[in-house]
Amino acid sequence: MHAKNDNQAMTNFIYNMIKEDVEKGALGDKCVHTRFPPEPNGYLHIGHARAILLNFKLARIFNGKFNLRFDDTNPIKEEQEFVDSIMEDIRWLGADWEDRLFFSSDYFDVKYEFALRLIKAGRAYVCDLNQEEIREYRGTLTEPGTESPYRNRSIEENLDLFERMRKGEFPDGSRVLRAKIDMTSGNLNMRDPVIYRILHTAHHRTGDKWCIYPMYDFDHPFSDAHEGITHSLCSIEYTDHRPLYDWIVDNAMELYPEVVKYRSRQTEFARLDLTYTVMSKRKLRRLVEEKYVQGWNDPRMPTIAGMRRRGFTPAAIADFQERVGVSRADSIADLALLEHCIRQELETTAPRLMAVLDPVKVVITNWPEGESEMMEMENIPGDESAGTREVPFSGELYIERDDFMEDPPKKFFRLAPGREVRLKGAYIIKCEEVIKDSQGIVSELRCTYDPQTRSGNDTSGKKVKGVIHWVSTGYATRVKVNLYDKLFTIEQPEEERDIDFINNINPQSLVVCENVPVEPAVEEVFPGSRFQFLRKGYFYYDPVASEEGMPAFNRIVALKDSWAKVKNKG
RNA sequence: UGGGGCGUAGCCAAGCGGUAAGGCACGGGGUUUUGGACCCCGCAUGCGCAGGUUCGAAUCCUGCCGCCCCAGCCA
């Protein structure tokens, strides 16, 4: 439907590059093969969705393959809980890794062998410098480093020491294995990078089998080449690591060709940020831990889990990613674009329902006492196949409090004393009397209806500008509604260097409406489905927040509101 | 002269020597029983700046300016 053809949608530089590779036969007998390599130490967010979808779609467009590989080389930070949530999120997004679920830790044996071969080739050595000394020897951004005094140990000694590291003879931090590259390189990553460290910590997959673990820069390129990844896509901050990536892959091909399926290449692209939210793991964790939100899946969070509970759809997220595009330039996508994508999808797919979020009572004084009438309304305007439903109309109704103004400005088209308005799908009513409580708050509007104006066979010839929604008081089902809005009040909450980003939280990011009257058709809908509450916005029947007898609906996004603009102009 | 990356509209982004796509946002009009949706129209004499090459430059050259990343035994 709204999803464009893949080939038309993709016009970014990575797509172009792969297309060229394919056309000139650069892949040999290989097909395009990509991967998404999350570290299982946190929840996925909308920024990750770009990487997931990009990798997955690229593989699909070129009839290639897409792997999911957990980068689990640091047992201190990684947990099974995150493996599970990450898989759930990726699956929900629609990226299918088929039978190719891998873990970096699956290759610890073969990586150990590779390390041995590097040592034997004189290209890696065990270094006894402690962490602080390694830092000192590394030099600075502007000064070259100094070679470690252990750099020229004999191959035999290195082999012996590395073996003893593996056996657990040395404490954490006492020794590391380093690649012997160039301590004078302007690129710090090439100054004899550490490739294995000692960590006497159990691993979520390999248990106590290992007490030495490979570093990312050694592990990642090797795993890519080992899996036969043709295009290794990563974010821009790894550009500096590319020479090391190539060094590792080249050495693997030379020293251990039997386990290398492809000479993988790394390509970097910019991360994706979004306005009115934060994306850093640290800040998201703070929001959760300090209880500014109710958890990682709070519908205000930019996490995949949060967006799923808010009611976003995978299709809208994918559409958003496509429209934003991919480049190497730092970018912050506009929340308005994401909102546009979900509105566009729901406009044609979400059935309409009437709910009055902030009710005020209307009594129709000339309506026959105790009578009611069924009004037929379209579920999705313009889509006959979506059918219609019956909505009970009566002499006592709720309408939205802000659909009435006692002293309205010229451009206000809704209800006001002496003015007429159409009740959507029903009759035109006229406000005859305003009743207020002791505090002067409007408590009831007494109106008359015009029997000639029944929707569908209006013989009155009347034209009113305003159309408002309503619910019959005697036929209202009560639900809970969570009105979610932007989590922050400014576009870039992370930008304010001197002010804690917490200060920019939107105090109105969640407004709860209890006992909201909704037309009775709501009783036939299911958790997990999406609706438009007429004129108010799109809502998601939240299976998590709903309770027995009290369904909860989350506002995904409000409808565009051009009245608000008029009103604010004065 | 540490190394690397990036500057096209308010936000994204195409373009790769032939005279600035597209989307969102914004503004105007039409239409409408959702102030929604839909349909028109408008929105960079200009591509960070300054020179140069060329019949012709966002694209090539030179020099500047600005922003981002890198000194984890994190990924």
Side-chain angles (χ1 to χ4, degrees), chain A residues 11-13 37-39 41 71-74 76-78 127 129-131 134-136 138-145 172-178 184-191 193-199 212-213 215-217 219-220 234-243 268 270 272 275 320 322-341 343-344 347-348 352 354 377 381-382 411-414 422-426 428 453 455-456 458 463-469 491 532-537 558-567:
Chain A
T11 54
N12 61 69
F13 76 101
E39 182 185 15
N41 73 342
D71 244 328
D72 58 348
T73 57
N74 186 350
I76 294 170
K77 297 166 62 180
E78 294 147 8
C127 183
L129 257 24
N130 64 34
Q131 196 157 350
I134 285 184
R135 193 188 321 125
E136 284 163 8
R138 185 155 35 226
T140 69
L141 292 177
T142 54
E143 295 158 337
D172 289 5
S174 59
R175 287 186 167 81
V176 292
L177 185 69
R178 295 227 249 170
T184 68
S185 173
N187 182 342
L188 303 231
N189 296 118
M190 300 300 270
R191 318 240 265 229
V194 171
I195 57 178
Y196 261 96
R197 77 289 216 187
I198 301 170
L199 251 26
I212 57 172
Y213 293 93
M215 297 285 289
Y216 170 87
D217 280 319
D219 183 278
H220 198 87
C234 64
S235 47
I236 216 91
E237 71 265 27
Y238 289 104
T239 306
D240 284 345
H241 296 242
R242 193 166 65 222
E268 312 85 19
L272 176 66
T275 55
F320 171 66
E322 277 169 17
R323 288 168 184 260
V324 169
V326 184
S327 76
R328 292 181 65 94
D330 294 341
S331 62
I332 304 173
D334 195 337
L335 211 216
L337 180 58
L338 210 211
E339 294 184 337
H340 174 264
C341 293
R343 283 196 195 104
Q344 183 180 268
E347 162 69 19
T348 53
R352 272 57 168 178
M354 292 196 290
M377 294 182 71
K411 296 212 172 152
F412 186 77
F413 303 149
R414 286 115 84 155
R422 175 172 289 283
L423 295 176
K424 174 77 181 176
I428 290 177
T453 59
S455 195
D458 186 329
K463 284 220 160 181
V464 290
K465 278 198 136 172
V467 179
I468 63 173
H469 58 100
E491 283 198 11
Q532 182 192 123
F533 283 165
L534 212 71
R535 300 207 304 133
K536 292 300 293 172
L559 253 34
K560 288 222 278 186
D561 187 358
S562 53
W563 161 241
K565 287 177 195 166
V566 174
K567 191 170 54 178

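In what follows, chains carry the letters A, B, and so on, assigned in the order in which the sequence lines appear, proteins first and then strands, with residues in each chain numbered from 1.
Checking B/U34, B/A13, B/G5 against the side-chain heavy atoms of A/Thr239 singles out B/G5 as nearest. The side chain of A/Ile236 has B/G5 as its nearest neighbour among B/A75, B/G35, B/G5. Looking at the side chain of A/Glu78, the nearest of the listed nucleotides B/A71, B/U33, B/A75 is B/A75. Each of B/G3, B/A71, B/U34 was ranked by its minimum atom distance to the side chain of A/Asn187; first place goes to B/G3. Across B/G2, B/U33, B/A75, the shortest atom-to-atom separation from the side chain of A/Tyr216 is found for B/A75. Closest to the side chain of A/Asn12, out of B/C12, B/A14, B/G5, is B/A14. The side chain of A/Val467 sits closest to B/U33 out of B/U33, B/C24, B/G7. Of the candidate nucleotides B/G7, B/G23, B/U34, B/G23 has the atom lying nearest to any side-chain atom of A/Arg323. The nucleotide whose nearest atom lies closest to any side-chain atom of A/Lys411 is, among B/G35, B/A75, B/C6, B/G35. When the nucleotides B/A75, B/G23, B/G35 are ranked by their closest atom to the side chain of A/Glu39, B/A75 comes out on top.
Every side-chain contact (heavy atoms from CB on, under 4.5 Å) that A/Glu136 has, sequence neighbours left out, goes to A/Glu132. In terms of the side-chain hydrogen bond (donor to acceptor under 3.5 Å, both in side chains) criterion, A/Ser331 has no residue partners (sequence neighbours excluded). Considering only residues two or more places apart in sequence or on other chains, A/Phe413 meets the ring pair (Phe, Tyr, Trp, His ring centres under 6.0 Å) condition with none of them. Residues satisfying the ring pair (Phe, Tyr, Trp, His ring centres under 6.0 Å) criterion with A/Phe320, sequence neighbours excluded, are absent altogether. Listed by chain and number, the residues in a ring pair (Phe, Tyr, Trp, His ring centres under 6.0 Å) with A/His469 amount to none (sequence neighbours excluded). By the side-chain hydrogen bond (donor to acceptor under 3.5 Å, both in side chains) test, A/Asp71 pairs with A/Ser104, A/His220, sequence neighbours left out. Evaluation of the side-chain hydrogen bond (donor to acceptor under 3.5 Å, both in side chains) rule for A/Arg191 yields no partner, not counting sequence neighbours.
Residue A/Arg178 has no polar side-chain atom (N or O) positioned under 4.0 Å from OP1 or OP2 of B/G72. The side chain of A/Arg242 contributes no N or O atom lying less than 4.0 Å from OP1 or OP2 of B/G5.
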Apply side chain to side chain contact (heavy atoms under 4.5 Å, CB included) to A/Arg178 and A/Ile134, showing your working. CA-CA 11 Å; A/Arg178 295 227 249 170; A/Ile134 285 184; 4.2 Å; yes

Apply side chain to side chain contact (heavy atoms under 4.5 Å, CB included) to residues A/Lys560 and A/Arg343 and explain how you reach the verdict. CA-CA 9 Å; A/Lys560 288 222 278 186; A/Arg343 283 196 195 104; 3.7 Å; yes

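Taking for each of A/Ala564 and A/Leu129 the nucleotide of RNA chain B with the nearest heavy atom, the 5'-most of the two is the partner of A/Ala564. Nearest-nucleotide assignment on RNA chain B puts the 5′-proximal partner with A/Phe412, out of A/Asp72 and A/Phe412.
Side-chain N or O atoms of A/Asn187 include one that pairs as donor or acceptor with a backbone N or O of A/Asp240 at under 3.5 Å.
Nucleotides B/G51 and B/G46 have their P atoms positioned 14 Å apart, rounded to a whole Å. Nucleotides B/U59 and B/G48 place their P atoms 8 Å apart, quoted to the nearest Å. The separation of B/C60 from B/C55, taken at their C1' atoms, amounts to 16 Å, rounded to a whole angstrom. Across the C1' atoms, B/C67 and B/G72 are found 25 Å apart, a figure rounded to whole Å. When the P atom is used for both B/G22 and B/C16, the distance is 16 Å, rounded to whole Å.
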Using a cutoff of under 3.5 Å, can you pull out all pairs of nitrogen or oxygen atoms linking the protein to nucleotides 25-32 of chain B, with atom names and distances?
from, atom 1, to, atom 2, distance (Å)
B/C26, OP1, A/Lys565, NZ, 3.1

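The base of B/G36 is not paired with the side chain of A/Gln532 by any donor and acceptor separated by under 3.5 Å. On a pure distance criterion of 3.5 Å, a polar donor-acceptor pair joins the side chain of A/Arg422 and the base of B/U33. Remark: the A/Asp240 side chain and the B/G3 base include a donor-acceptor N/O pair separated by less than 3.5 Å.
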Can you give the dot-bracket line for RNA chain B, where a pair is Watson-Crick or G-U wobble with both atom distances under 3.5 Å, crossing pairs use [ ], and | marks a partner on another strand? .(((((((.[[[..)..(...]]].(((((.......))))).....[[[[[..)....]]]]])))))).....

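Checked for salt-bridge contact, A/Glu237 and A/Arg328 miss the test: no charged N lies under 4.0 Å from a carboxylate O.
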